[in-house]
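Written out below as structure tokens is the structure these notes cover.
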Amino acid sequence: LHLSGHIRSILVDSHVSVLTPESSHERAGNIAFVSEDPMAFVAALREQNVLVWGGEGRVRIAAHIYNDTDDVEALEAVLGRINRSLLRHQ
């Protein structure tokens, strides 16, 4: 849950509309957020070797046992480079 909390914080700090609850007691390893064009967002991340799921107006990032802080830092770097218009801000 530490990694999912870190990912959620990165998204919140970017003023993204995060759907996943803040409390670790109410969330699992998946973090979901709203995106204007989830498939374009998924494609942009895939180009940077970051794999996520997108559809139905949202993107889901799954942090599991085989992920580590290096993966989260890579995600954060990619988020800083992609087209911000793909995100729906709060």
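Values below: every heavy atom of this structure, side chains too, minus hydrogens, waters and symmetry copies.
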Run Asn67 and Val72 through side-chain contact (heavy atoms from CB on, under 4.5 Å) and show every step you take. CA-CA 8 Å; Asn67 295 113; Val72 175; over 6 Å; no
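The two residues Ala28 and Ser4 have their closest heavy-atom pair at O-OG, 3.1 Å.
Here the CG-CD1 distance, from Asn30 to Ile7, works out to 9.5 Å after rounding to the nearest 0.5 Å. Atoms CD and OG1, on Glu26 and Thr20 in that order, are 11.0 Å from each other to the nearest 0.5 Å. Going from atom CD1 of Ile31 over to atom NE2 of His6 covers 11.5 Å, rounded to the nearest 0.5 Å.
A donor-acceptor contact shorter than 3.5 Å is absent between the side chain of Ser14 and the backbone of Val16.
Listed by first and then second residue, the salt bridge (charged side-chain N to carboxylate O under 4.0 Å, His left out) pairs that reach into residues 63-77 come to none, sequence neighbours excluded. Applying the salt bridge (charged side-chain N to carboxylate O under 4.0 Å, His left out) rule to pairs touching residues 8-23 yields nothing, sequence neighbours excluded.
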Would you mind writing out the side-chain donor-acceptor pairs for residues 45-63 within the sub-3.5 Å range, not counting sequence neighbours?
residue, atom, partner, partner atom, Å
Gln48, OE1, Arg81, NH2, 3.0
Glu56, OE1, Arg58, NH1, 3.2

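Proximity of Ile10 to Leu79: side-chain heavy atoms (C-beta onward) are separated by under 4.5 Å at one or more points.
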